[in-house]
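Data block below; observations after.
Residue numbers run from 1 in the order of the sequence given.
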Amino acid sequence: VHVLVGQLQHAVAEGGREQQGLALGAGRHAPQQEADVLDEAEVEHAVGLIEHQDLHVPDIEHGLAQEVDDDDGVMSAAELTLQELASFAGLAQENMNRAAGWRFLEMGRRAERAINTMRFARQFAYDEAGGEDLDILLTLVDCQITYRSRYLVGPLLAPVRDLVVLDPYNPRSVGFQLMTINEHVATLPALHLDGVPEEPQRLAARLATDLETTTAQNLDNKTVLAIEQRITSFAHAVAARYFLRRQTGVVGAGISSLA
């Protein structure tokens, strides 16, 4: 029980840092000179939405630590986290303009969800996982209703893996996140108009293709970890391509060095 709560806290904290690095870093690092990369006002608006809402990582961590003595307390903590995240997702879905800032925020959210889902899958959908572990996984990724409506049996390893990781029609699955990321990546500006995909596009396309051709039986922990690391590499590639880190004290950096 303590391990599960610790994993939830770690996923929320790590996810917040990853999302800031990919989706929110532009508020501080996007170059003003490169209009085709990002509109600074749009990104500042996205950052402002997050900074002034009630979704605070310390508050979530405090809620997660309240009840850890029984399974009901752990499930309540998981449901609290899902409610907080759903509230923020609904805010962005209903109130943000569909401009460049929204696309980067959306990619960051999708990448974060995919990474966290893979972490949960490694912990609870390992080769010898039983029904109790798989049931916890379905709760953590908010797929209990979907699984129960699709399968008339208790949680089984292959169906749970397929639903949580591979299913392109399940909005909570990793496959769905990668499909959505590909759609956003395709709209990003290219540095060269030679038709050659840039690094973020190549990484996203390979990830989506590999996941489409993978079966649930092949999703052992080694494979799941490899996919998780590749999603993280994609997030870093987007940050390196679109959110430049300027050296402190450097004035008037040449525009030709922009990537």
If you measure from OG1 on Thr223 to CG on Asn218, what distance do you get to the nearest 0.5 Å? 7.0 Å
Could Asp220 and Arg161 be called an ion pair, given the rule that one side-chain N must be under 4.0 Å from one carboxylate O? no
To the nearest 0.5 Å, what is the distance between OH on Tyr126 and CG on Leu134? 8.0 Å
For the pair Thr146 and Leu163, evaluate side-chain contact (heavy atoms from CB on, under 4.5 Å) and give the outcome as yes or no after the intermediate values. CA-CA 9 Å; Thr146 304; Leu163 179 66; 3.8 Å; yes
Of all heavy-atom pairs between Ile231 and Ala111, which one has the smallest distance, and what is that distance? CG2-O, 4.0 Å
Any carboxylate oxygen within less than 4.0 angstrom of a Lys/Arg side-chain nitrogen, looking at Glu106 and Arg103? no
Specify whether Trp102 and His184 have parallel, tilted or perpendicular ring planes, treating 30° as the upper limit for parallel and 60° as the lower limit for perpendicular. perpendicular
CD1-CZ distance between Ile181 and Arg109, expressed to the nearest 0.5 angstrom: 10.5 Å
What's the spacing between Thr117 OG1 and Glu112 CD if we round to 0.5 Å? 10.0 Å
Where is the tightest heavy-atom contact between Leu156 and Pro159, given as atom of each residue plus distance? O-CD, 3.3 Å
What's the shortest heavy-atom distance between Leu166 and Ala216, and which atoms? CD1-N, 3.5 Å
Looking only at atom types and distance, does a side-chain atom of Gln177 sit under 3.5 Å from a main-chain N or O of Pro171, one as donor and one as acceptor? yes
Using atom types as modelled and distance alone, determine if a side-chain donor or acceptor of Tyr147 lies under 3.5 Å from a backbone N or O of Gly154. yes
Determine whether Leu203 and Arg230 make a side-chain contact, defined as any pair of heavy atoms from C-beta on separated by less than 4.5 Å. no
Hey, could you give me the CZ/CG distance between Arg110 and Leu178, rounded to the nearest 0.5 Å? 11.0 Å
Are Phe120 and Phe176 in one and the same hydrophobic cluster, where Ile, Leu, Val, Met, Phe, Trp and Tyr link if side-chain heavy atoms are under 4.5 Å apart? no
Which distance, rounded to the nearest 0.5 Å, do you find between the CG of Asp162 and the OG of Ser173? 9.0 Å
Determine whether a donor-acceptor pair (N or O, by modelled atom type, separation under 3.5 Å) exists between the side chain of Thr213 and the backbone of Thr209. yes
Pairing of Glu199 and Arg202 as salt bridge, 4.0 angstrom limit: yes
Joint cluster assignment, Met179 & Leu188, ILVMFWY side-chain distance < 4.5 Å: no
Could you please spell out the steps behind the side-chain contact (heavy atoms from CB on, under 4.5 Å) verdict for Leu140 and Gln123? CA-CA 11 Å; Leu140 292 177; Gln123 294 295 324; over 6 Å; no
Do you know the tightest heavy-atom contact between Leu157 and Ala125? CD1-O, 3.6 Å
Do Val160 and Tyr151 share a hydrophobic cluster (ILVMFWY, side-chain heavy atoms under 4.5 Å, transitive)? yes
With a 4.0 Å cut-off on N to O distance, would you call Asp135 and Arg148 a salt bridge? yes
So Asn182 and Leu207, do their side chains get closer than 4.5 Å, heavy atoms only? no
side-chain contact (heavy atoms from CB on, under 4.5 Å) between Ile227 and Leu219, worked out: CA-CA 10 Å; Ile227 296 173; Leu219 285 175; 4.3 Å; yes
Side-chain heavy atoms under 4.5 angstrom apart, residues restricted to Ile, Leu, Val, Met, Phe, Trp, Tyr: same cluster for Val164 and Val153? yes
Does the pair Glu228/Arg119 count as a salt bridge with the N-to-O cut at 4.0 Å? yes
Closest heavy-atom pair, Glu198 versus Pro189, reported as atoms and distance to 0.1 Å, is OE1-O, 4.4 Å
